[in-house]
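Note sheet for the following structure.
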Amino acid sequence: MVAVVDSNNLSIPNLNTNGNESRVGYKRSVPRSNSGYVSSIMGECCISCTTFNILAPIYKRLDHQNQSLRESDVRDSWFNRNQTILDWLICERSSVICLQERLGNAGYNTFSLARTNNRGDGLLTALHRDYFNVLNYRELLFNDFGDRVAQLVHVESVVPFFQNQGGGQQEILIVNTHLLFPHDSSLSVVRLHQVYKILQYLELYQTENKLNHIPIILCGDWNGSKRGHVYKFLRSQGFVSSYDVAHQYTDGDADAHKWVSHRNHRGNICGVDFIWLRNPNQSRKPLQASWAEAVFSIIKCQLQKASLAENDAFAFFKADNNGDVITHSAFCEALRQVNLAGLPYGLSFQETDDLWAQADVDGNGVVNYEEFKVHAYFLSKLLIISFVCQWCLESMLKLLALQQRMWNLSCSAQIENNCNDNMEDSKDCSEKEILGFAVKDAFLFPSEVEKGKWPENYSLSDHAPLSVVFSPVRMQSSS
């Protein structure tokens with residue numbers, strides 16, 4: 001759910017982990033002001049965003065001995081809990097609030113979207129007209145195994161972020177979603193496909209509406225950790241985890257479990273709730289190439305689970321073919337055997353053909369061992385970082401940064417030369433000033449989850465709400 005909460009003239013109680021008022025409670029750091037959604041830090045305009053899976057009553061188990069007893073069967077239980085959550089959210093006073101597993105009207109302009117096949121929960125987008133103009137609203141129905149959905153809201157700020165320096169209202173694309181829970185490894189490709197559909201739709205929407213220079217915020221319960229394929233896929237597409245940016249956490253294993261946001265029905269705790277940000281000047285790989293890399297990475301993991309070495313993996317894909325090559329039919333059969341194709345929620349025929357085109361380097365209709373080795377390295381490179389020590393990783397990043405600076409200098413020199421060759425075309429070499437966001441702060445409630453622990457007396461949900469404070473910034477983007 002995305003909701004903009006009117007926060008004028010509200011008192012702010014301290015809350016304990018049960019959501020009740022207490023003298024010693026949650027010390028929050030979201031900046032506040034009486035002016036509505038734009039707050040200020042040292043004179044700097046900011047907006048805040050909160051995402052929270054509030055746990056639908058139909059999924060909340062009340063008795064471990066009787067798994068069929070759910071909170072939805074006890075009205076007082078779910079009503080009181082949800083009222084406490086709503087009170088807490090109003091006290092939070094975030095500019096944007098994204099909730100999952102909740103349908104209802106809190107008195108705002110709302111856009112509701114239920115999961116398909118009457119699953120009983122869904123998403124709700126509510127924005128206050130005093131703070132945001134809603135330019136467009138779209139619904140994404142995945143129509144897949146998980147009956148998942150997503151919402152896209154195109155908004156603009158009513159008040160310009162830089163009032164004293166000119167400039168118009170800031171436009172933002174906001175997505176709210178809830179991915180499928182990974183009940184087993186065969187569903188990894190389903191969850192990846194859900195994100196792929198979202199990004200495909202975003203690209204199409206931006207192209208249709210000529211929105212090349214607009215920040216994008218993705219909110220929700222992603223049901224996967226920093227070590228998962230979805231996380232790596234989004235990172236390859238230029239998105240950053242706002243919480244990790246605020247706390248200067250890396251993508252490496254050393255920081256993978258510094259924080260948690262969910263205790264699932266199995267009792268496992270992990271960080272699965274994210275607010276992703278992609279600024280308009282952020283570079284990224286082509287979407288289809290990133291998708292292929294992510295799927296091949298899943299294939300690699302499946303083969304690793306079977307303890308297959310490179311030679312064994314080639315034999316697995318080759319199957320009973322007498323020649324020393326992998327055929328298209330054998331490739332498809334191998335994907336079926338690792339549960340990535342041939343199932344209602346698996347890869348489609350077109351997606352399988354796209355992967356085959358990536359694997360068949362020379363396009364002769366078969367993949368020989370040399371091609372397979374090249375591609376095996378391609379599959380492995382996404383996993384190598386897990387085995388590199390931290391100082392080596394930092395050295396690699398510094399080298400990449402140096403290479404990027406050298407590339408930028410080279411490009412700048414080339415641009416300058418081109419401009420000097422023809423002064424009349426100098427405008428082509430100019431840079432366009434655009435607006436984006438910097439992550440100022442981010443925090444989870446209750447505070448124990450920020451240390452990787454789950455408090456036993458926390459009862460608002462099986463998820464922790466995540467809040468992020470963004471500050472608008474000016475940045476340069478080539479015209």
Look at the rings of H262 and H463 and say which category their plane angle falls in: under 30° parallel, 30 to 60° tilted, over 60° perpendicular.
parallel

Which word best sums up how the rings of W259 and F274 line up, parallel for under 30°, tilted for 30 to 60°, or perpendicular for over 60°?
perpendicular

Looking only at atom types and distance, does a side-chain atom of [X] sit under 3.5 Å from a main-chain N or O of [Y], one as donor and one as acceptor?
X: R148; Y: N143; answer: no
X: Q476; Y: I434; answer: no
X: T177; Y: V149; answer: yes
X: K226; Y: T250; answer: yes
X: Q206; Y: L211; answer: yes

Can you confirm whether [X] sits close enough to [Y] that some side-chain heavy atom of one is under 4.5 Å from a side-chain heavy atom of the other?
X: S461; Y: F52; answer: yes
X: V295; Y: L192; answer: yes
X: V134; Y: N136; answer: no

Verify side-chain contact (heavy atoms from CB on, under 4.5 Å) between L179 and V190, making sure each step is shown before the conclusion.
CA-CA 9 Å; L179 299 189; V190 181; over 6 Å; no

Salt bridge or not for [X] and [Y], using N-O below 4.0 Å?
X: K258; Y: D244; answer: no
X: E293; Y: K300; answer: no
X: R119; Y: D147; answer: yes

For [X] and [Y], work out which heavy atoms get closest and say how close.
X: P280; Y: G436; value: CD-CA, 4.3 Å
X: D221; Y: N223; value: OD1-N, 3.0 Å
X: A150; Y: L123; value: CA-CD1, 3.9 Å
X: L444; Y: A464; value: CD2-O, 4.2 Å
X: W88; Y: P465; value: CH2-CG, 3.3 Å
X: Y231; Y: S225; value: CB-O, 3.5 Å

If you measure from [atom1] on [X] to [atom2] on [Y], what distance do you get to the nearest 0.5 Å?
X: L277; Y: S241; atom1: CG; atom2: OG; value: 10.0 Å
X: I275; Y: C219; atom1: CD1; atom2: SG; value: 5.0 Å
X: I217; Y: I174; atom1: CD1; atom2: CD1; value: 5.5 Å
X: H193; Y: F233; atom1: NE2; atom2: CZ; value: 10.0 Å
X: L173; Y: I214; atom1: CG; atom2: CD1; value: 4.0 Å
X: L355; Y: I299; atom1: CG; atom2: CD1; value: 6.0 Å

For [X], all residues meeting ring-ring contact (aromatic ring centres under 6.0 Å, His included), sequence neighbours excluded:
X: H265; value: F181
X: F470; value: F437
X: F79; value: none

side-chain contact (heavy atoms from CB on, under 4.5 Å) partners for [X], two or more places apart:
X: C270; result: V272
X: S283; result: none
X: H247; result: Y243, Y249, E450
X: V260; result: I269, V449, W454

What about the rings of W222 and H178, do their centers lie closer together than 6.0 Å?
no

Step through the shown structure and confirm whether more than 12 heavy atoms of other residues, nucleotides or ligands are within 6.0 Å of CG on N118.
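Count not over threshold, so no.
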
Quick check: are there more than 12 heavy atoms from other residues, nucleotides or ligands sitting under 6.0 Å from CD of Q248?
no

Looking only at side-chain N and O atoms, does [Y] offer a donor or acceptor that is under 3.5 Å from a partner on [X]?
X: Q170; Y: S157; result: no
X: D354; Y: Q358; result: no
X: D273; Y: T51; result: no
X: D144; Y: Q194; result: yes

side-chain contact (heavy atoms from CB on, under 4.5 Å) assessment of H229 paired with R191:
CA-CA 9 Å; H229 302 288; R191 300 175 59 258; over 6 Å; no

Got a sec, which pairs hit salt bridge (charged side-chain N to carboxylate O under 4.0 Å, His left out) with one end in residues 80-91, sequence neighbours left out?
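Only E71-R81 qualify under salt bridge (charged side-chain N to carboxylate O under 4.0 Å, His left out).
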
For R235, enumerate each residue passing the side chain to side chain donor-acceptor pair (under 3.5 Å) test, keeping only those at least two apart in sequence or located in another chain.
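So R235 forms a side chain to side chain donor-acceptor pair (under 3.5 Å) with D251.
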
Only counting residues at least two apart or in another chain, list the ones meeting side chain to side chain donor-acceptor pair (under 3.5 Å) with H154.
E171, Y205

Check the pair M475, L435 against side-chain contact (heavy atoms from CB on, under 4.5 Å), reporting the backbone distance first and the verdict last.
CA-CA 6 Å; M475 53 185 59; L435 294 179; over 6 Å; no

Among I54, L55, T84, side chain to side chain contact (heavy atoms under 4.5 Å, CB included) partner for L460:
T84

side-chain contact (heavy atoms from CB on, under 4.5 Å) assessment of D441 paired with V439
CA-CA 6 Å; D441 196 9; V439 179; over 6 Å; no

Checking R278 now: which residues fulfil salt bridge (Lys or Arg N to Asp or Glu O under 4.0 Å) with it, not counting sequence neighbours?
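Checked R278 against salt bridge (Lys or Arg N to Asp or Glu O under 4.0 Å); zero matches.
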
Donor-acceptor pairs under 3.5 angstrom involving side-chain atoms of residues 196-203: please list them, not counting sequence neighbours.
| residue | atom | partner | partner atom | Å |
| --- | --- | --- | --- | --- |
| Y196 | OH | Q200 | NE2 | 3.4 |
| K197 | NZ | F142 | O | 2.7 |
| Y201 | OH | R138 | NH1 | 2.8 |

